[in-house]
Chemist: 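If you scroll down you'll find the structure; I have some questions about it.
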Amino acid sequence: MKVIRFDGAEPYEPPGHTGVVNRLLVGRGSGEVTEVSVWHGAIEPGGGADPHVHAEAVQVYVVVSGVVTVSDEESTVDLGPGDAAIFAAGDRHEVVNAGEGTATLYVVSAPALR
């Protein structure tokens, strides 16, 4: 078993994101896991990820706190705590913090992106 401590996961600001701090908890960069990556993300009000595509990975956003707006080419939906959105590989998508406080979420990608 390998344990990843939240405080031990290095925070970083990903390119193509504004007002976002991620911590990679599971993935290639945290222990050679290639099947899945899991990030904890904190998004400041008005911040988010620019529209982007992961050509070969399914991506799931699970909101822990706050409200985020997720969009793909067909729809835009607000998500609150406990809500999730699934984007198929190749789906163009984006996420924006629609609330007044910091939003937190987990992002799961399979296979691992990082």
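Heads up: numbering here begins at 1 and tracks the sequence.
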Chemist: Assess whether side-chain contact (heavy atoms from CB on, under 4.5 Å) is satisfied between His54 and Leu113, documenting all intermediate values.
Modeler: CA-CA 8 Å; His54 301 289; Leu113 293 175; 3.4 Å; yes
Chemist: Please find the pair of heavy atoms, one from Val64 and one from Pro81, that lie closest to each other, and give the distance.
Modeler: O-CB, 3.4 Å
Chemist: Quick one, Val68 with Val96, criterion side-chain contact (heavy atoms from CB on, under 4.5 Å). Give me CA distance, side-chain angles, the key distance, then yes/no.
Modeler: CA-CA 5 Å; Val68 298; Val96 175; over 6 Å; no
Chemist: Return the NE2 to OG1 distance between His40 and Thr104, rounded to the nearest 0.5 Å.
Modeler: 4.5 Å
Chemist: Return each pair, listed once, that meets side chain to side chain donor-acceptor pair (under 3.5 Å) where at least one residue sits in residues 76-89; pairs must be two or more places apart or across chains.
Modeler: Thr69-Asp78, Ser71-Thr76
Chemist: Got a list of side-chain donor-acceptor pairs under 3.5 Å for residues 4-21, not counting sequence neighbours?
Modeler:
from, atom 1, to, atom 2, distance (Å)
Tyr12, OH, Trp39, NE1, 2.6
Tyr12, OH, Arg114, NH1, 3.0
His17, ND1, Pro15, O, 2.9

Chemist: Quick check: do Val107 and Val60 have side-chain heavy atoms less than 4.5 Å from each other?
Modeler: no
Chemist: Give the C-alpha distance, both sets of side-chain angles, the deciding distance and a yes or no for side-chain contact (heavy atoms from CB on, under 4.5 Å) between Ser109 and Val58.
Modeler: CA-CA 6 Å; Ser109 298; Val58 171; over 6 Å; no
Chemist: Taking only distance into account, with no hydrogens and no angle test, what donor-acceptor pairs under 3.5 Å do side-chain atoms of residues 86-94 form with protein atoms, sequence neighbours excluded?
Modeler:
from, atom 1, to, atom 2, distance (Å)
Asp91, OD2, Ala88, N, 3.1
His93, ND1, His52, O, 3.4
His93, ND1, Asp91, O, 2.9
His93, NE2, His52, NE2, 3.1
His93, NE2, Gln59, OE1, 2.9
His93, NE2, Tyr61, OH, 3.4

Chemist: Any chance you could lay out the side-chain contact (heavy atoms from CB on, under 4.5 Å) test for Leu79 and Val67, step after step, and finish with the verdict?
Modeler: CA-CA 6 Å; Leu79 303 176; Val67 176; over 6 Å; no
Chemist: Measuring from atom CD1 of Ile43 to atom CG of Leu105, what distance do you get when rounded to the nearest 0.5 angstrom?
Modeler: 5.0 Å
Chemist: For residues Ala112 and Gly27, report the shortest heavy-atom separation together with the two atoms involved.
Modeler: CB-CA, 4.5 Å
Chemist: Specify the closest pair of heavy atoms between Pro111 and Ala57, including all atoms of both residues, with the distance to one decimal.
Modeler: O-CB, 3.8 Å
Chemist: Which ILVMFWY residues can you reach from Val3 by hopping between side chains whose heavy atoms are under 4.5 Å apart?
Modeler: Met1
Chemist: Answer whether the closest heavy-atom distance between the side chains of Leu24 and Ser37 falls below 4.5 Å.
Modeler: yes
